Amino acid sequence: MDEPLPPRESARYVAENSRDVVVDRAGVRRAAAMLRAAAAEWRVEDWKALHELNPRAADEAALNWVFVVDALNFSFWSEQAERQCLVTYRGKAYSGYWSLCAAVNRALDAGIPITSASYYATVTLDQIRDIFRSDTDDSMPLIEERHRILNETGKILLEKFGGSFLNCVQKSEKSAQKLMHLVVECFPSYRDVTQFEGKRISFYKRAQILVADTWSVLEGKGDGCFKDISSITMFADYRLPQILVYLGALKYSDKLMKKLLKGEMLSYGDKQEVEIRGCSIWCVELIRDCLLELIGKESEKNKENINSIFLDYYLWDYARDHREDMKGIPFHRTRCIYY
Ligand SMILES: Nc1nc2c(c(CN[C@H]3C=C[C@H](O)[C@@H]3O)cn2[C@@H]2O[C@H](COP(=O)(O)O)[C@@H](O)[C@H]2O)c(=O)[nH]1
């Protein structure tokens, strides 16, 4: 079967043919202006310190931590906001994506080798239910899928890469694109591919965030010195569209906004779901271009740090920190293993 369009081209194609979602150029410019001061400070060395649950080292164990977390980095939203999975770690309760990281770190502290492929290739569903147990009555969504993905991914990592994600990274020969394609070729759960208006398109959200987190945990050095890291796009999840609408850079049709406000679910691959994800990626590409224009005039040096990964990380954190302000803006609800 023919290769799908790569993520950036897929996003452009969706944005050019979208009906219920549009990129607002004036909003893009306003967002770039808002981000300009922060963008001047973006450094890959800062990623780890950004969050207390991130691994601190830049070694093989840290890479295996990133790999298993990004294999499970999907679908944390709960049907009712007040009823969600919470995981307490070192006295602090974490929700959403952070509940996953907290559960992984809690298991490691308890001597459970959850980041070792030889362990999670054969871990049982009961063991996974215990490792990802919630403090509340609401367990982490899609726990059976998470178990299946761990078994599948662990077996493949053992068979093809000696059980270590470092070997997969080294096979990519310092190319972000090669690593992304190696991951989607070898690991089925990363194949975030769908159809739109007669074309096969890809967003590869978890594969791209895996490349980004690999680059970040290695601080852009050694095996993580990807010469083409700026070719990675924003990661099309369910938080970034929400913040882009909040900032006025993305607009939904009245019909779509009504549907989302009612909490209606969209299926993976639905036309409107694809338009939300594709236009979000394209919107971030345009904000990045605007930032390059704004900052590029000041200094060549900073330009290398103006990429869609930093933009995405910043916006994602901003969305988490401004949850209350964004309450009026719905996020789209799609239950799937891809984001
Ligand atoms: N676009 C984008 N989506 C991201 C991330 C992250 C976390 N990664 C970085 C963050 C800290 C570390 O530095 C990691 O590098 C998780 N997600 C997605 O969000 C959703 C979870 O949201 P909530 O339910 O609110 O926790 C879910 O689809 C999850 O897949 C990101 O960075 N960008």
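Both counts, for ligands and for their atoms, begin at 1 and track the order of listing. Quick caveat: nothing in here was measured; it's all calculated off a predicted structure. In this chain, numbering begins with 1 at the start of the sequence shown.
- Between Phe67 and Tyr190, the ring planes lie parallel to each other; the angle is under 30°, not in the 30° to 60° tilted range.
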*asked:* Evaluate Glu273 against Met265 for side-chain contact (heavy atoms from CB on, under 4.5 Å), listing each step before the verdict.
replied: CA-CA 10 Å; Glu273 187 252 2; Met265 282 181 64; over 6 Å; no

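- Near Leu240, with a cut-off below 4.0 Å to any heavy atom, the atoms of ligand 1 are 1 (N).
- Interatomic distance, Met326 CE to Asp321 CG, rounded to the nearest 0.5 Å: 10.0 Å.
- When each atom of ligand 1 is checked for a heavy atom of Arg239 under 4.0 Å away, the hits are 22 (O), 23 (P), 24 (O), 25 (O).
- Counting heavy atoms under 4.0 Å from ligand 1, residue Gln242 does not touch it at all.
- Note on ring orientation: taking the six-membered ring where Trp is involved, the planes of Tyr318 and His322 are parallel (angle under 30°, cut-offs 30° and 60°).
- What sits closest to atom 33 (N) of ligand 1 on the protein, heavy atoms only, is Asp312 OD1, 2.6 Å.
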*With ring-ring contact (aromatic ring centres under 6.0 Å, His included) as the test, would you mind laying out the steps for Phe235 and Trp316 before giving the verdict?*
CA-CA 10 Å; Phe235 322 119; Trp316 190 83; over 10 Å; no

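- Considering only residues two or more places apart in sequence or on other chains, His332 meets the ring pair (Phe, Tyr, Trp, His ring centres under 6.0 Å) condition with Tyr339.
- A donor-acceptor pair is defined here as one N or O able to donate and one able to accept, closer than 3.5 Å; no such pair exists between the side chain of Asp270 and the backbone of Gln272.
- Here atom 20 (C) of ligand 1 lies nearest to Tyr238 when heavy atoms of Tyr238, Trp98, Tyr97 are compared.
- Residue-level proximity to ligand 1 for Ile209 is carried by the side chain, the only part with a heavy atom below 4.0 angstrom.
- Atoms of ligand 1 lying under 4.0 Å from any heavy atom of Arg320, numbered from 1 in the order shown and given with element: 23 (P), 25 (O), 26 (O).
- Using modelled atom types, no side-chain atom of Asp70 and backbone atom of Ala207 make a donor-acceptor pair closer than 3.5 Å.
- Less than 4.0 angstrom separates some heavy atom of Arg323 from each of these atoms of ligand 1: 25 (O).
- Ligand 1 places these atoms under 4.0 Å from at least one heavy atom of Asp213: 14 (C), 15 (O).
- Shortest non-hydrogen contact noted between Met234 and Gln208 is O-NE2, 4.0 Å.
- Using a 4.0 Å cut-off between heavy atoms, Asn73 contacts ligand 1 through both its backbone and its side chain.
- Of the protein's non-hydrogen atoms, Trp47 NE1, 2.6 Å is the one closest to atom 13 (O) of ligand 1.
- Below 4.0 Å from some heavy atom of Asn54 lie the following atoms of ligand 1, by number and element: 12 (C), 13 (O).
- Residue Leu50 places no heavy atom under 4.0 Å from ligand 1.
- Against a heavy-atom cut-off of under 4.0 Å, Tyr339 is close to the following atoms of ligand 1: 28 (O).
- Between Lys48 and Glu219, at least one side-chain N (NZ, or NE/NH1/NH2) sits under 4.0 Å from a carboxylate O, which counts as a salt bridge.
- Contacts between Met234 and ligand 1, counted as non-hydrogen atom pairs separated by less than 4.0 Å, are absent for every part of the residue.
- By the criterion of a heavy-atom distance under 4.0 Å, the side chain of Trp316, and not its backbone, is placed next to ligand 1.
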*Would you please test Tyr313 and Asp213 for side-chain hydrogen bond (donor to acceptor under 3.5 Å, both in side chains) and show each step?*
CA-CA 10 Å; Tyr313 283 163; Asp213 286 350; 2.6 Å; yes

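- Against a heavy-atom cut-off of under 4.0 Å, Gly96 is close to the following atoms of ligand 1: 24 (O), 26 (O).
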